[in-house]
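Below is one structure; the comments refer to it alone.
In what follows, chains carry the letters A, B, and so on, assigned in the order in which the sequence lines appear, proteins first and then strands, with residues in each chain numbered from 1.
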There are 2 protein chains.
Amino acid sequence: MDESRRERKKRQTRRLIAETAIRLFGERGYEQTTVAEIAAAADVATKTFFNHFPSKEDVLFTGTRERNAVLLEVIAGRRPGESLPDLLTRMYEKLLADYRAEGVEAEDPALMKTYTRLVMTVPALQAKALYMTFELQKEIAETLVKVYPDELDPVGAAAVTGSVLGAVQGAALASMDLGEPEERFWASMRRGFDLALRGLSR
Amino acid sequence: MDESRRERKKRQTRRLIAETAIRLFGERGYEQTTVAEIAAAADVATKTFFNHFPSKEDVLFTGTRERNAVLLEVIAGRRPGESLPDLLTRMYEKLLADYRAEGVEAEDPALMKTYTRLVMTVPALQAKALYMTFELQKEIAETLVKVYPDELDPVGAAAVTGSVLGAVQGAALASMDLGEPEERFWASMRRGFDLALRGLSR
DNA sequence: TCATAGAACTACACTAAGTGTAAAAATGCA
DNA sequence: TGCATTTTTACACTTAGTGTAGTTCTATGA
């Protein structure tokens, strides 16, 4: 077995806490739910919550770092001679694929929807999400400079990254605000991406 | 007198708290400084701090809402027949002018520098700054739809806005990270803006 | 000048997030 | 079984932030 009982139980506890948290947040609202209540509902000590998650918000952003790492790998794996627009497009496709896969693999679609609603409406969670996107942006820019040493300097790379992610994010959020259905949502995100990309290809 | 004594004293207290806060943050660091310490140093009750500022972070973002409002006015005041790139350029010029004026009008340049360093390095403050930019973005996009009813829909406007602000922000932060001097910093910001704008003009 | 309404400030009690520590319980391994 | 390591727990503590009621200061009208 590649996972010991200890590791398995730890993961279980972590997962139990996270799912309990989303459920309670959905029922009572984010601010109205205390960490103590989550811990009690999951039948663990309050401290155990903070042993697994550095803050109350973090319980909602468990997989984000890993998902971001995947995008960075795409950038780092620039193919020989691959143009910047092509590489960014590959990254975007990967982002999209992950996003859709997440929706499918989710064992509980209702939780997924609750999650989206929370992150879109609760200021503290929005700020957290923005901050993490911001960190991703810096890492992408840094990696871009490495794989395009002759074409990109740090400022240019940061501008490109900010432009692309900003456009995609803006379009996605606007689409959600409008309550657009699934398929139009993907189309809107694509529009944002294409718009930003046009600035690169001269 | 257009300002009563009451209003004047209130403003004085508010200003005293804000300046004391920046000074202490600069000396001891943001997290290491408690609101109680700030209040004590400014010789007011802790509650008075929260009467003026909703949170510890907010003491560092006093003028932001007003400055953002100015940018929105530029957008709302689209001149007859003015193209989107022209209007955005006017907004950018305004942003720049405000930014430079702020640096000049600052009675204490050292505090200004401390302020910049804090906002750039402390996670909680970065997140707050990002969140406020995000809110500005939404308002700009909303206003753009109003002044370009035939050319822009909500998704397009959000994409444009996100692209431009994202690029400018990315370039500016990268420039600061590099420690570029004043003049190169402005040039870098401009590069970001121009890059994003290219995506619009065809 | 005095009286009074309202605004700002203060004192105080309280909730909740988050940290540090040491002990207890569970697990891995010899 | 015995021992080391990891996870969980209990507990005490700090700090951000809220609610309330009372006090002080300011504006204003008689």
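- Donor-acceptor pairing under 3.5 Å, judged by distance alone, is present between the side chain of A/R6 and the base of D/dT5.
- Distance alone, capped at 3.5 Å, places no donor-acceptor pair between the B/S163 side chain and the B/A159 backbone.
- The shortest distance between the side-chain N/O atoms of A/T34 and the OP1/OP2 oxygens of C/dA16 is not below 4.0 Å.
- Under the 4.0 Å criterion applied to side-chain N and carboxylate O atoms, B/E73 and B/K94 are not assigned as salt-bridge partners.
- Atom CD of B/E31 is separated from atom P of D/dT14 by 19 Å (rounded to the nearest Å).
- Rounded to whole angstrom, the span from the CZ atom of B/F49 across to the P atom of C/dC12 amounts to 21 Å.
- Nucleotides of DNA chain D nearest to B/E57 and B/E7 differ in position, and the one nearer the 5' end is that of B/E57.
- In this entry the distance linking CZ of A/R8 with C1' of D/dT6 reads 15 Å, nearest Å.
- Among the heavy atoms of the strands lying under 4.0 Å from B/K47 is at least one base atom, whether or not backbone atoms are also near.
- Set against C/dA26, D/dT8, C/dC9, the side chain of A/K9 has C/dA26 as its closest nucleotide.
- Rounding to whole angstrom units, CZ of residue B/R14 and P of C/dC9 are separated by 11 Å.
- Atom-to-atom, CZ of B/R11 to P of C/dA8 comes out at 14 Å; the value is rounded to the nearest Å.
- One can place CG of A/N51 at 11 Å from C1' of C/dG20, the figure rounded to the nearest angstrom.
- Taking only side-chain atoms of B/A45, from C-beta outward, the nucleotide of C/dA26, D/dT8, C/dT10 with the closest atom is C/dT10.
- Here A/R100 pairs with A/E183 in a salt bridge; the nearest charged N to carboxylate O distance falls below 4.0 Å.
- Proximity of B/R5 to the phosphate of D/dC25: no side-chain N or O atom is located under 4.0 Å from OP1 or OP2.
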Evaluation steps, salt bridge (Lys or Arg N to Asp or Glu O under 4.0 Å), between B/E27 and B/R23: CA-CA 6 Å; B/E27 289 170 13; B/R23 184 169 56 76; 3.4 Å; yes
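- Ring pair B/Y99/B/F185 is perpendicular by interplanar angle, where above 60° counts as perpendicular and below 30° as parallel.
- Atom CD in B/Q12 sits about 14 Å away from atom P in C/dA8, given to the nearest Å.
- As judged by a 4.0 angstrom heavy-atom cut-off over every strand, A/T46 is placed among residues making no nucleic acid contact.
- For B/S55 and D/dA16, the shortest distance from a side-chain N or O to OP1 or OP2 is not below 4.0 Å.
- Look at B/K10 and you won't find any side-chain N or O under 4.0 angstrom from OP1 or OP2 of C/dA7.
- The separation between A/Q32 atom CD and D/dT18 atom C1' is 14 Å, rounded to whole Å.
- Phosphate contact (OP1/OP2 of C/dC9, side-chain N/O of B/H52, threshold under 4.0 Å): present.
- Close to D/dA16, at under 4.0 Å from its OP1 or OP2, lies a side-chain N or O of B/K56.
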